[in-house]
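The structure appears below as structure tokens.
When reading the values below, keep in mind they use all heavy atoms of this one structure, side chains included, and skip hydrogens, waters and symmetry mates.
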Amino acid sequence: MTVMRPQLTGTFGAVAATHWLASGVGMDILDRGGNAFDAAAAAGFALQLVEPHSNGPGGDVVISVYERATGKVRVICGQGPMPQAATIDRFAALGIKQMPAAGLLPATVPGAFGAWTRLLAEFGSMPLDTVLEPAIGYAASGYPLLPAAASTIATMAPLFSTEWTASGRTWLPGGEAPLPGSRMRNTTLAETYERLIREARAASSDRVAQLEAAHRVFYEGFVAEAIDRFSRTTDVFDSTGGPHRGLLTGEDLAAWQPSVEEPYSLAYGDYTVHKPGPWSQGPVFLQQLALLSGCDLRGMGLGSVEYIHTLAEAAKLAFADREAWYGDPLQTPVPLDELLAPEYTAQRRALIGDRANLDPEPGRVGSGEPWIPQAEPPEEPGADEPDWLTQLRSGLPTVTAAAPRAGAGNTCTVAVVDRWGNLAVAVPSGGWLKSSPVIPELGFALGTRGQTAWLAEGHPNSLAPGRRPRTTLSPTVVLRDGEPFLAFGTPGGDQQDQWTLHAFLAIAEFGVEPQEATEIPACNIDHFAQSFAPRLSNPGSVIAERSFGPEVLAGLEQRGHRIAAVPPGTLSKVCAAGVDPATGFVRVAAGPRGRQAYAVCR
């Protein structure tokens with residue numbers, strides 16, 4: 001294959017993000033003496049502005065870091081829990097059988113701000129005002145609107161004009177949908193951040209104390225008060241087709257703190273791969289890797305029929321376990337050690353045959369009984385249903401006409417390496433412009449990750465008060481022989497831990513450079529119900545880019561896979577940063593799909 005972009009290497013630092021402006025922001029922070037953690041946070045706050053169709057300040061983020069000084073990997077959970085008032089009985093009383101995709105009912109505690117400030121307090125070196133300065137600048141002075149964001153705004157404009165009027169004031173300047181490339185501002189959000197900084201400065205002159213004060217202001221001060229008031233008093237038209245008030249309260253926000261957690265890890269040859277816990281989908285990457293460790297991938301050849309078939313079958317087995325067993329371990333025991341045990345993995349690996357398995361089932365571990373709930377059939381749109389209502393019923397953030405299940409434009413990613421060998425990678429999402437209405441006093445919308453919970457009793461991911469709904473956000477940190485090697489992530493919902501796995505295997509098994517690994521033909525299974533409403537599924541399906549070639553796609557069909565071919569460059573948007581073990585140079589990569597993600601390095 002012809003690699004579209006060069007492999008960037010350097011000596012000082014590198015940033016890759018799903019928007020070129022965020023990459024530039026991160027590099028500027030490194031140039032000003034910040035470390036990888038400062039740069040990741042600044043880029044993350046910038047992404048909330050420049051990719052408003054994929055994330056926002058009211059959303060969530062999962063961050064993984066490697067700190068050179070300690071030699072340890074840590075995970076910061078920025079996935080807020082469901083409100084205390086969110087019960088299955090409450091939704092049943094409203095006649096709701098499946099969690100709605102948009103509005104106030106599926107809103108969780110906003111986790112992004114708390115997670116970014118925790119990253120800065122625990123690992124960073126710069127004050128909050130310095131890190132927030134670029135985002136405030138874009139909010140106040142403007143930024144160029146991406147075509148995908150413009151398309152989403154145009155589709156949702158009738159709703160913004162008539163029902164979500166604060167969103168209309170934010171996204172419809174002059175009362176009209178903006179054109180791609182036009183200058184967009186969010187002066188209300190700029191004022192929110194400036195007030196946060198003023199109140200944090202007033203609390204203390206110490207950097208860490210200011211960050212702690214900023215957290216209190218957000219989760220107990222004027223931000224929490226505005227969220228509480230809006231949720232309690234505003235009837236919001238939502239994806240159920242009617243109005244509802246929210247369940248989220250100021251007490252829910254005040255009770256939450258982002259956690260810094262040990263990752264789950266798996267050795268793979270010379271590499272040690274670190275992932276977030278089962279409150280995310282992260283361990284499914286490790287389960288796939290464990291299954292594949294007993295297969296001769298190199299002998300199959302990168303991108304061959306045998307290779308793609310084997311990866312697809314391993315994914316089915318691992319994702320079946322994800323669907324049955326994963327959830328918030330603070331509320332429900334998750335048997336992850338058993339799911340990653342060599343004996344269990346060997347039993348599951350033996351199920352991979354020469355033909356596609358069209359009915360993969362979860363494995364049995366311990367005394368529990370695996371159970372995958374069944375999604376309610378999606379409501380068929382009426383003949384006269386407007387496009388905006390159809391899109392509102394979809395939990396995916398971006399309005400896409402082509403390949404709507406691809407997910408390459410959904411969510412964001414930033415990966416950073418600095419000259420000291422620190423690594424940071426984050427996958428921010430939620431709080432996008434069609435998730436829920438803009439809160440007028442704050443300039444941002446709430447995230448709706450609660451849509452991923454099941455309205456069925458007894459499942460690890462059932463809706464419950466204070467429970468973190470299982471998130472799809474899944475950054476990865478890899479060490480090689482105990483040294484920093486690579487940190488990476490991608491947008492893409494349920495597909496994240498397939499696309500990043502394929503890129504990692506290209507590097508680890510076939511010696512491919514990271515940039516080339518982001519550009520290899522991409523594919524993913526589409527067998528299980530999506531995490532996002534309306535939870536569509538396509539049993540037995542493999543979505544594959546046509547760049548695999550007709551012989552490979554035909555060979556997969558001959559093995560029983562139901563191939564859904566999509567145009568080349570449709571799937572995946574992997575961003576990665578790390579250290580070249582042969583030279584010690586920093587290196588970085590950004591997938592070219594969508595002509596949006598960029599890497600910078602020096």
inquiry  = Checking side chain to side chain donor-acceptor pair (under 3.5 Å) between Asp497 and each of Arg322, Gln287, Lys275, which is the one that passes?
reply    = Lys275

message = Tell me whether the rings of Tyr193 and Phe113 are parallel (<30°), tilted (30 to 60°) or perpendicular (>60°).
response = parallel

ask   = What orientation do Phe504 and Phe285 show, parallel under 30°, tilted 30 to 60°, or perpendicular over 60°?
value = tilted

request  = Can you tell me which residue pairs pass the salt bridge (Lys or Arg N to Asp or Glu O under 4.0 Å) test with a partner in residues 137-150, sequence neighbours excluded?
outcome  = none

query = Quick one: does NZ or CZ of Arg183 land under 6.0 Å from the six-membered ring centre of Tyr143, within 45 degrees of the ring axis?
reply = no

inquiry  = Cation-pi check for Phe123 against Arg118: NZ or CZ below 6.0 Å from the six-membered ring centre and within 45 degrees of the axis, yes or no?
reply    = no

ask   = Going through the distances and angles, do Leu196 and Phe222 end up as a side chain to side chain contact (heavy atoms under 4.5 Å, CB included)?
value = CA-CA 9 Å; Leu196 272 165; Phe222 80 92; 4.2 Å; yes

Please round to the nearest 0.5 Å and tell me the distance separating atom [atom1] of [X] and atom [atom2] of [Y].
X      : Y      : atom1 : atom2 : result
Asp129 : Arg207 : CG    : CZ    : 11.0 Å
Phe45  : Trp116 : CZ    : CH2   : 7.5 Å
Thr472 : Gln530 : OG1   : CD    : 10.0 Å
Gln495 : Ser572 : CD    : OG    : 10.0 Å

Sub-3.5 Å donor-acceptor pair from the side chain of [X] to the main-chain atoms of [Y], do we have one?
X      : Y      : answer
Asp494 : Ser531 : yes
Asp328 : Asn461 : no
Ser239 : Ala101 : yes
Gln451 : Ala533 : yes
Asn35  : Phe37  : yes
Thr117 : Gly114 : yes
Gln281 : Gly493 : yes
Gln331 : Pro465 : yes

task = Begin with the C-alpha distance, continue with both residues' side-chain angles, and end with the deciding distance and a verdict on side chain to side chain contact (heavy atoms under 4.5 Å, CB included) for Cys575 and Phe488.
result = CA-CA 6 Å; Cys575 292; Phe488 53 86; over 6 Å; no

Tell me which one of [options] satisfies side-chain contact (heavy atoms from CB on, under 4.5 Å) with [X].
X      : options                       : answer
Leu446 : Pro106, Ser435, Pro110        : Pro110
Arg74  : Glu67, Glu262, Glu122, Glu261 : Glu262
His19  : Val50, Val25, Leu49           : Val50

Is there a side-chain contact between [X] and [Y] in this structure, where contact means two heavy atoms from C-beta onward sitting under 4.5 Å apart?
X      : Y      : result
Pro440 : Pro437 : no
Leu336 : Pro278 : yes
Leu128 : Gln210 : no
Leu248 : Leu253 : yes
Leu479 : His274 : yes
Val425 : Val414 : no

ask   = Near Tyr271 OH, under 6.0 Å, is it more than 12 heavy atoms from other residues, nucleotides or ligands?
value = yes

task = Please indicate whether Arg245 has more than 12 foreign heavy atoms, meaning atoms of other residues, nucleotides or ligands, lying under 6.0 Å from its CZ.
result = yes

inquiry  = Go through it in stages, so that I can follow the logic: the residues are Glu225 and Arg229, the test is salt bridge (charged side-chain N to carboxylate O under 4.0 Å, His left out), and I'd like the CA-CA distance, side-chain angles, deciding distance and then a yes or no.
reply    = CA-CA 6 Å; Glu225 291 168 0; Arg229 184 166 52 251; 5.3 Å; no

request  = Would you check, one step at a time, whether the test side-chain hydrogen bond (donor to acceptor under 3.5 Å, both in side chains) holds for Asp38 with Ser125?
outcome  = CA-CA 7 Å; Asp38 301 313; Ser125 64; 2.6 Å; yes

message = Is there a side chain to side chain contact (heavy atoms under 4.5 Å, CB included) between Gln7 and Arg587? Walk through the geometry before answering.
response = CA-CA 7 Å; Gln7 176 59 64; Arg587 58 182 177 175; 3.7 Å; yes

